[in-house]
Protein chains: 2
Amino acid sequence: MELDSAGVPANIAAAWGLRERPGKGPKPGLTLDGIVQAGIRVAAADGVGAVTMSRVAAEAGASTMALYRYVRAKDELLELMVDAAIGDPPPLTHGGDWRAGLVAWSWACRELYRRQPWVLRVPVSGPPATPHQLAWMDSGLAAMAQTGLREEAKLSIVLLLTMYVRNEAVVAVDMQTAVQALGSSLDEAMAAYGTLLRMLVDPARFPALARAIEAGVLDRADDPDEEFVFGLDRILDGVGLLIGQQAGS
Amino acid sequence: MELDSAGVPANIAAAWGLRERPGKGPKPGLTLDGIVQAGIRVAAADGVGAVTMSRVAAEAGASTMALYRYVRAKDELLELMVDAAIGDPPPLTHGGDWRAGLVAWSWACRELYRRQPWVLRVPVSGPPATPHQLAWMDSGLAAMAQTGLREEAKLSIVLLLTMYVRNEAVVAVDMQTAVQALGSSLDEAMAAYGTLLRMLVDPARFPALARAIEAGVLDRADDPDEEFVFGLDRILDGVGLLIGQQAGS
DNA sequence: CGCTTCTGTGTATGTCATACGCTGTTCTGT
DNA sequence: ACAGAACAGCGTATGACATACACAGAAGCG
């Protein structure tokens, strides 16, 4: 991990716009932001897999190698793209109600992934340190400002929710992808999966699973929103219990 | 997605050993399992990034292209490697205590990832359908057999836990990687992260986050186990509440 | 015993990221 | 002004890699 003069890792420095570009040589014809936006357009159109340096360069109207004057490597570009794509969280509007605040926060996050599913395909590279990632984190923490929880607990909870939302979104996008690959509806895809498992699952070997399948769990697709709310409610119920304990002690 | 004669997707058929290999030509000198094991050795030694067809072939004692007689593509090999690596879950030993059962299940899963962190770097390709994935799922469902929950709810909970454990493991491995890259201890790495955020986080812009940082949340590394238990407890508390409601209604 | 089918293999191709060096541009110090 | 330094954008070269293709020999079938 290379550090710049202030001790900030290079890729993070880029995300915060801390790159020093001394005014010596010719005027830059491109902007970092322009390149990042070009990358986002490519990813939005054809997925992260289509984000090659040459494709992005073409989209930005430059040659492949020109990008490397702005970006250290492809990974850095991807990181910048993600940071730009997630943007700032919506303002908190639920005052003192931590639960409503976290629910709104989670939905906003989910919506973001729904709009820009390619973000989910970018491998995570480390702990959150880009401006918009921190903004989301701040917003999540702020929702719990009046709960009396220890800061450590708040942080853990935000991370827990972050993961949850992200993973739920990954699953949803995977389903979407499968659906499109099969050219069928969501219900059909789920039914196909159900049929597959019925074929593979031997009740003697997987009794509990077989019972679930027989109960028809896979015969129809759940409303993905309901699925999302279910897990979210379990987590927030647990958080509520903790807050209650904290208040009681 | 290609289907074989029985309607099973090709990659899944491979994982279940359903590949038909007619006894016509010369005796195969390799085995699918041998190749998969070779792949696992490479991944364990140098990470998923080092798993190239030629490297695996060398490890298996064959030429690069020989692998393609056993595996449709690299992705399929990775899928098979993961399935083989996760193996079967440990037997349930907590009888009727759903919570103890799920805790043990989660720890076993976490331990698995701890031993074979490379598994976490293999991109997930779809809903669980390989034998060992289903075995873990079955085991998780079995832990809740006597809770009276709807099968649908059980499934959601298992998926929720699966995600949770996986993500927690990803974070842990990321930390480990960062620590090794910096050549320092866990505490030092966390401190470096804390210092970084202190530098970047403007209290005016990120008040809640600044408060957490000032509280010293990042000054020392949590015991990763405690962090794990914290989130797990939140989730299981939520599940417990649901089970209570179910019993009451 | 010849035909078919399959194995292992070598080679070829196409895609990528990225290092390197060239050309022309713009600013700095005189 | 002007010389020279530092830098922008570009073309080409390199080195991984996955994988298509075609070949030579082996093993079973008739």
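Just so it is clear: chains get the letters A, B, ... in the order the sequence lines come, proteins before strands, and each one is counted from 1.
- For B:Tyr193 (side chain) and A:Pro128 (main-chain N/O), a donor-acceptor pair under 3.5 Å exists by modelled atom type.
- Nucleic acid contact for B:Ala66: base, since at least one base atom lies under 4.0 Å from a heavy atom of the residue.
- Looking only at side-chain heavy atoms (C-beta outward), A:Trp136 and A:Ile86 come within less than 4.5 Å of each other.
- Residue A:Leu30 contributes atom CG, which lies 17 Å from atom P of D:dC7 at whole-angstrom precision.
- A heavy-atom distance below 4.0 Å to DNA chain C is reached by these residues of residues 41-55 of chain A, ordered by number: A:Val51, A:Thr52, A:Met53.
- Atom CZ of A:Arg72 and atom P of C:dA17 are 18 Å apart (whole Å).
- B:Trp16 places a side-chain N or O within 3.5 Å of a backbone atom of B:Ala129 that can act as its donor or acceptor partner.
- Where A:Pro28 and B:Asp75 each meet DNA chain D at their nearest nucleotide, the meeting point lying more 5' is that of A:Pro28.
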message: Generate the contact string for nucleotides 21-30 of chain C. Rules: B means base contact, S means sugar-phosphate contact only, - means no protein heavy atom under 4.0 Å.
response: B--BBBSS--
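- Atom CZ of A:Arg19 is separated from atom C1' of D:dC7 by 15 Å (rounded to the nearest Å).
- In this structure, B:Leu67 places its CG atom 10 Å from P of C:dG8, rounding to the nearest Å.
- Side-chain N/O atoms of B:Tyr70 include one lying less than 4.0 angstrom from OP1 or OP2 on C:dG8.
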task: Please assess B:Leu155 against A:Glu227 for the test side chain to side chain contact (heavy atoms under 4.5 Å, CB included), listing each intermediate value before the final yes or no.
output: CA-CA 10 Å; B:Leu155 197 64; A:Glu227 183 75 21; over 6 Å; no
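- Side-chain contact check for B:Asn11 versus B:Arg72: every heavy-atom pair is 4.5 Å or farther apart.
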